[in-house]
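A quick write-up on the structure given underneath.
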Number of protein chains: 2
Amino acid sequence: MAGKTYVYLFNEGKKDKNLLGGKGANLAEMTGIGLPVPPGLTITTEACNEYLAGSGQFPEGLEEQLKAKLVELEKAAGKTFGDAQNPLLVSVRSGAPISMPGMMDTILNLGLNDTTVEGMVKATGNERFALDCYRRFIQMFSDVVLEIDHYEFESILEDVKRKRGVQFDYEIPAQDLRQLIADYKELVQAKARREFPQDPFEQLIMAVKAVFNSWNNQRAIVYRKINRIPDDLGTAVNVQTMVFGNMGNDCGTGVAFTRNPATGEKAVYGEYLINAQGEDVVAGIRTPEPIASLAQAMPEVYQEFIRICDLLEKHYRDMQDIEFTVERGRLYILQTRTGKRTTASAIRIAVEMVQEGAITKKEGLLRVPPSQLDQLLHRRIDPNANVDVIAQGLPASPGAASGKIIFDADEAEALGQQGEKVILVRTETTPDDIHGIVVAQGILTSRGGMTSHAAVVARGMGKPCVSGCEALKIDYQAQELRVGERVFKKGDIISIDGGTGRVIAGKIPMIEPQLSKEFNALLEWADEIKELGIRANADTPHDAAKAREFGAQGIGLCRTEHMFMATDRLPLVQNMIFAETKEEREEALAQLLPLQEEDFYGILKAMDGLPVCIRLLDPPLHEFLPHAEDLLVEITTLKLTNGDPKVIKDKEALLAKVKSLSEFNPMLGHRGCRLGITYPEVYAMQARAIFNAVVRLVKEGYTVIPEVEIPLVGNVKELAILKQEIIQVADEVKERTGVDFDYTVGTMIEIPRACLTADAIAEEADFFSFGTNDLTQTTFGFSRDDAEGKFLHHYVDNGLLADNPFAVIDREGVGELMRMAVEKGRRAKPDLLIGICGEHGGDPSSIEFCHQIGLDFVSCSPYRVPIARLAAAQAAVNHSSNVGQK
Amino acid sequence: MAGKTYVYLFNEGKKDKNLLGGKGANLAEMTGIGLPVPPGLTITTEACNEYLAGSGQFPEGLEEQLKAKLVELEKAAGKTFGDAQNPLLVSVRSGAPISMPGMMDTILNLGLNDTTVEGMVKATGNERFALDCYRRFIQMFSDVVLEIDHYEFESILEDVKRKRGVQFDYEIPAQDLRQLIADYKELVQAKARREFPQDPFEQLIMAVKAVFNSWNNQRAIVYRKINRIPDDLGTAVNVQTMVFGNMGNDCGTGVAFTRNPATGEKAVYGEYLINAQGEDVVAGIRTPEPIASLAQAMPEVYQEFIRICDLLEKHYRDMQDIEFTVERGRLYILQTRTGKRTTASAIRIAVEMVQEGAITKKEGLLRVPPSQLDQLLHRRIDPNANVDVIAQGLPASPGAASGKIIFDADEAEALGQQGEKVILVRTETTPDDIHGIVVAQGILTSRGGMTSHAAVVARGMGKPCVSGCEALKIDYQAQELRVGERVFKKGDIISIDGGTGRVIAGKIPMIEPQLSKEFNALLEWADEIKELGIRANADTPHDAAKAREFGAQGIGLCRTEHMFMATDRLPLVQNMIFAETKEEREEALAQLLPLQEEDFYGILKAMDGLPVCIRLLDPPLHEFLPHAEDLLVEITTLKLTNGDPKVIKDKEALLAKVKSLSEFNPMLGHRGCRLGITYPEVYAMQARAIFNAVVRLVKEGYTVIPEVEIPLVGNVKELAILKQEIIQVADEVKERTGVDFDYTVGTMIEIPRACLTADAIAEEADFFSFGTNDLTQTTFGFSRDDAEGKFLHHYVDNGLLADNPFAVIDREGVGELMRMAVEKGRRAKPDLLIGICGEHGGDPSSIEFCHQIGLDFVSCSPYRVPIARLAAAQAAVNHSSNVGQK
């Protein structure tokens, strides 16, 4: 037994989470603080990794260590493994360094065999219970280790219950259980072509290997991908003395949170089942009782449990998710971990724990994952809407959703990927359904409680979920759902309200979210701490107002092309494009001028006192013209049907123009400042519209801070020329109106060459704003429109890229260019204002990076402003030296 | 006269070329070494720049300095400015730091007025001569300074000659000249609304300002753009005592080169005119005598001139272009400069001067501009062709060309820009024709010698030119050309042979160039000195053989997509694309395999002993399919004409596939290694074809050095995965055949992200090859297909870019990324082989840059290999510390 230690007893004082997994470390820690934890041992993640790296062989020494520690465990439990009189039974559970609930396998009652089960009958004096444990063990072990589908066992069980005419498992009499065990063993022999293993140590070795292997099962891999958990952590295995919640009515098992995981309310929240084992609660097969009723059922146990909840929350300084079992009136704590929670709950818990003095503001800020704030910023059902409630379930995960009824995860996934909105409807969900849950708008189950699989997963993903809606009769065969007399077929639209548990027929009106007072408190703290400014991308006064409401400190990107696309303007824009001479073009632009002026007037007014960065026209001109293909079909048709030659000629002329403007690679074509350089009248008109609006607002007493932004600069001369033209227009407007005003002129940084020559560009720019969408396209040589449909998915799925670089800034490539641009730009002009307005401006990881490289602001969609505020605060906390001080 | 000196006498010993211009510095230098240079002074470029920067005012002190120096000049010449008895006359010429022959203006005989002309009559005793000088002066001065078109004067002159019935100017009698002068002065009064200036100093001031202004005339600007001469150098002005070649038959003027500027032959080569002024020779108005005949006409002058030629060439260590005048039997040297020459001549002169010991090998290598070698590598007329020679002119610039007859430079420019091949046909050309010459295939003139404007400019541009073809009667009015009885209209095709002077009807067969022995000698020296390897881009055994012949040291880029485009393969490629399953795709690929194998067999065999870098498939698959537009028209037509529904359905299915593969931005789409990643079978087939070919060649005793190149890598994982697959194929082939072989696997570096992460990529790569075409596209965000047609021209013309970045590497942007990639790549793998295979690999400036950043090789088209060899040698000479040592 030289070298590495692969096995630790809970009471050895080792608490290394990476080595023991979260669960193992917690069990050791709980044991250390004197909680009633059943004794056990942990096999390290290192053992797992060595096993997986090898060819399915235990690393050297593991088996011997396991045997030796088992002897100590036997001493602590006062029972012996495989003992015919008083056998030690254990649970075998996975426990990774990062919690992956339900993703890997668990086996209970290991140690039972034909001999020990009789010893257990004697030791407990409860034949039915012992036999039930044994048949459960055979079922679980066979499923997990021997890979025999558990439905095969369930169907034998259902047969027995039907024959016996009983409803619940515990109503099956002992003699039937004996037959059931025989039948189960026969099934094993038939399916696995081996006898059910009778040697408890062999059982243990097989179970440990199965848990190791479960690290690489499909659903674990998917879960890790979704949750960005590294594949090389490995899982530890916890082997723990069994305690029994199913030995009679003075027994039970339950799961509880120290605070409400849905709302954050400070009250122990959970469920338990009398006379049951833990899996019964989690699997959602029986609908459990709320924890409060334990106060009546077992007052002393309840008091003790509440005391322990308080102790654990104080010890871990966060809301805990605790599994417990009561065996003949004695409380055991099986595990505790930081509880998963909805975002609303996370906010309330964080804010209240700060207010209680339990944690600092900075810690509180770190407790809420900004990416999940999204769910609070989404819609809920309009309370004034007339809704057709068809059933009531448990409010398992807040938020509301509408979609087509789909009964199968694969089908949900297929439709969801096509952009269909679906509600996944299942009697209960299992980890095998996860791919369907990912794409669904919401989840509806007919069985299972607030801590059932569906509920836990949906909360984690911020998806609405209604669980345990027992009024629903789901018929997978017929692909329909019955509620009383009413029938809903696959594809019918329903809605669910995860905040109230209502299930509603049809699509329903939704309303905008309101931010809770805790949310606002959290965001205020975020504003105190964050260093980045948060602006919004908004093209209309309405969006601008929304952005302000969410706390935006300015507009980081006001695009002007959408203004050109409006139906009243498109003909004018087309006239401008078709102009043969500069004069014709100027005439068309003169008609656009007052319309653009109104646009800018509105948005600048809405942002009174805050900066508004207006980007001059960016897209290529052909985006404003009809499609060549449509014209081609039209012309061919006209010709073959003897159409009017005049019309044909006009269409052909139009087609010729469309073709002359069409481009092989429009993304890299004649757009942005290249248009400004070749058609200076266009930018001059836009500048005039901006400054005319500014003058009107200044006269009306508003404070306007216009920033004129030139897109697609790759060369300082482009900026220098266009800036000069803008200054000239500004001077003209000032002279004509006699009104003075301030403005700045800057540029998008969205071309690699702009980053590489940022020092020169900074000489001419008042500000930089990273356009990371285009910068990502050019740095990778990826056309987003093409890549996302054709190969990017493959790249992310196969680990060629950790993330979609259009969602999360690629720090190695794009980020390196950004870092270079900031460094060069500030070297040339130390007070250069630098921001980002690509979609990455609303992504927490990207915001963190922007903080790290020293940007002044990020700009994102109005609805993501709160997310950005929190993410910016977290970045400031994580990347400054005084965490926990404020 | 505090501060700056703006005026220097030739004999003051100042020789700063930037300050005095090339001509001024040479005149000072020639004066210094005791040559018979007429005394004079130079006004500095600094004065010019200050004048141009100001508002047309002389800088302070210039006028006073000019007056003071003029007094000294008067002393040296023994004549006085404006003196009624013995007036000093001067020439006023521009002289920029870099020679711009014929681009700016010259005025002769300045100082003449109604009074001094009579003094000159007396002093020379030659009334006709003095009056002729005066009328020439009025004409030139009015043209240059007062901007009165010289044709207005010419038409008065022609009237006089017609009335008098004489052919030549010098036959006009004195009394007619007096009337002519009166008429000229009247014309001036009418056109300029002022009297012809009579004050010689006023004349001088006006002339100097006109020369200053001529720096910014249109043709000077165009010339500078074409020749990449900075706009801010300014021009100096040389004021020099007039000597007269037109005082009688013991006078003359000429231009000569110390070696033959067309062939390089070591023999004084030039022309002179008896009784003429210098402009008569250069302007090509009269056809002059060869210099050799001066030996008979003026033996002493000839001997003296030959002596001076030798002296000057030795002094300046290069072939000189010398202007001289003989005044009453006395030789004066008016100017000398390094002579322009054809590339063939440059090579011969450089090689012979090295062989003579006059210059070092390294200096010799620097004497030949590599970009011009191109002209030697182009075609000439097949000597076996049956040609219809219609006339014989002077062989003014070598090479042959065919094209449409065009008589006007503007029209030539317009047609040339549309891609038409034209021959510009003029009686004589002037600097105003330069834009037409630029686009023409060749130049044909009916007047003017080997040193006429047309000849000089054409040689500089490496364009064929036949000059002085007096048999041609050109009628601009009728837009036709007569040779005896034959008439050629505008648009008819002719050919010219600039090497022999032949003018040929119609288009004629051309043949490939042969390299001269001097060229080969030069290239051998280049190979001794250069550090860069030179490879060629070749896709066929034929091109590979050509490349070897031109000295390529390997294939730097063998594209495989052209192989897929061949008509026998396209159907197979399309089958592969349409395959619905991996199996179907593999079947189609299996049919391509033997064809690809033959391709590689051929090219590897042709390059026996040298490396061949084979790039796996790069373009997007839709390039191999029919165009959607064509299908759309076909389908619409079929539908409207009740076509076969089955055919329509098939076409629609095809269209659907074409559309599903079509991309918004194909340049940034699903291509390169992205195809390799998503369809690994394609690259596996290609690798198998390569290795199968390798095995066959190894068995046949060839030495093959295959390099397998992965395109479009932006991420080391792409390379790692594909490399692994290639290794696997290689291992399979080795095992199957029992033949061992070497190969390397590397990558194109053509995406900014590849440069930014080059350290990681180098870990997996045996070599890097810069694909600077794509790297330029992505770094600038320019789609080459779109940019060159739409805005790049505007950018280059308006100085936003110094060069087309697709022709010359953009060192600031693209070059910075390259530098970074080299540095990171070598840091990770010090022996990493790095080359370039974009089109820049054949551009001298880009080759210099590649040398500077330490690449191992450049690869270019086979015909540019000699250019690359020379450019690489020049880079080695210019960027190493021991120039002139070898």
Side-chain angles (χ1 to χ4, degrees), chain A residues 620 628-629 632-637 639-641 661 663-670 672 674-675 677-678 712 714-715 717-718 721 750-757 760 774 777-787 789-791 794-795 798-801 810 812-817 820, chain B residues 620 628-629 632-633 635-637 639-641 661 663-670 672 674-675 677-678 712 714-715 717-718 721 750-757 760 774-775 777-787 789-791 794-795 798-801 810 812-817 820:
Chain A
E629 281 200 356
L632 204 57
V633 169
E634 239 182 294
I635 291 166
T636 309
T637 306
K639 282 183 173 172
L640 288 167
T641 54
L661 286 171
E663 297 185 300
F664 295 99
N665 298 289
M667 155 68 206
L668 305 176
H670 193 182
R674 300 163 195 170
L675 282 177
I677 291 286
T678 48
L712 219 69
N715 176 340
K717 291 185 186 171
E718 294 169 323
I721 289 170
E750 50 188 339
I751 295 290
R753 199 175 187 282
C755 298
L756 294 160
T757 63
D774 279 4
Q777 296 198 84
T778 45
T779 304
F780 274 88
F782 282 177
S783 162
R784 182 172 188 174
D785 291 329
D786 302 309
K790 299 217 163 116
F791 57 86
H794 180 98
Y795 270 47
N798 291 279
L800 276 98
L801 289 169
D810 158 52
E812 268 179 273
V814 176
E816 193 54 35
L817 281 176
M820 195 183 298
Chain B
E629 281 201 355
L632 205 57
V633 170
I635 291 167
T636 309
T637 305
K639 281 183 174 171
L640 288 165
T641 55
L661 285 171
E663 297 184 300
F664 295 99
N665 298 289
M667 154 70 205
L668 304 177
H670 194 183
R674 300 161 196 172
L675 281 177
I677 292 285
T678 49
L712 218 70
N715 176 340
K717 291 185 187 172
E718 293 169 324
I721 290 170
E750 50 188 338
I751 294 291
R753 198 174 188 283
C755 298
L756 294 161
T757 63
D774 279 5
L775 190 59
Q777 297 198 82
T778 44
T779 304
F780 273 88
F782 282 176
S783 161
R784 182 170 189 176
D785 291 329
D786 301 310
K790 300 218 160 116
F791 58 85
H794 179 99
Y795 270 48
N798 291 276
L800 276 96
L801 289 169
D810 158 53
E812 268 178 272
V814 176
E816 192 54 33
L817 280 176
M820 194 183 297

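In the text below, chain A, chain B and the rest are named by the order of the sequence lines, each starting its count at 1. Since the model is a prediction, treat every value here as computed from it, not as a measurement.
You'll find the side chain of A:K790 reaches within 4.5 Å of the side chain of B:E663, heavy atoms only. Contact annotation: the side chain of B:N665 never approaches that of A:L668 to less than 4.5 Å [non-hydrogen atoms, C-beta and beyond]. In this structure, the side chains of B:L800 and A:E718 come closer than 4.5 Å at one or more pairs of heavy atoms. You'll find the side chain of A:Y795 stays beyond 4.5 Å of the side chain of B:K717, heavy atoms only.
Between chain B and the residues A:I677, A:N715, A:T678, the most heavy-atom pairs under 4.5 angstrom are made by A:I677. By number of non-hydrogen pairs under 4.5 angstrom with chain B, the leading residue of A:Q777, A:E816, A:E750, A:H670 is A:H670. Note: A:P666 leads A:G714, A:P666, A:A628 in heavy-atom pairs under 4.5 Å with chain B.
Of the two parts of A:L640, only the side chain, counted from C-beta on, holds a non-hydrogen atom closer than 4.5 Å to a non-hydrogen atom of chain B. Contacts of A:A760 with chain B are absent, with no heavy-atom separation under 4.5 Å from either backbone or side chain. Residue contact with chain A, scored on non-hydrogen atoms closer than 4.5 Å, involves the side chain of B:D810 exclusively. A:T779 touches chain B through backbone and side chain together, each having a heavy atom under 4.5 Å away. For B:T757, the part lying near chain A is the side chain, with the backbone staying farther off; criterion is any non-hydrogen pair under 4.5 Å. If you measure heavy-atom distances from B:I721 to chain A, the contacts under 4.5 Å come from the side chain alone. In this structure, chain A has no heavy atom under 4.5 Å from any part of B:A754.
For the atom pair A:H794 NE2 and B:R674 CZ, the distance stands at 13.0 Å (nearest 0.5 Å).
Nearest approach of B:D786 to A:G669, heavy atoms of both residues: CB-CA, 4.3 Å. Nearest approach of B:G781 to A:T778, heavy atoms of both residues: CA-CG2, 4.2 Å. Across A:M820 and B:L756, no two heavy atoms sit closer than the pair CE-CD2, 4.1 Å.
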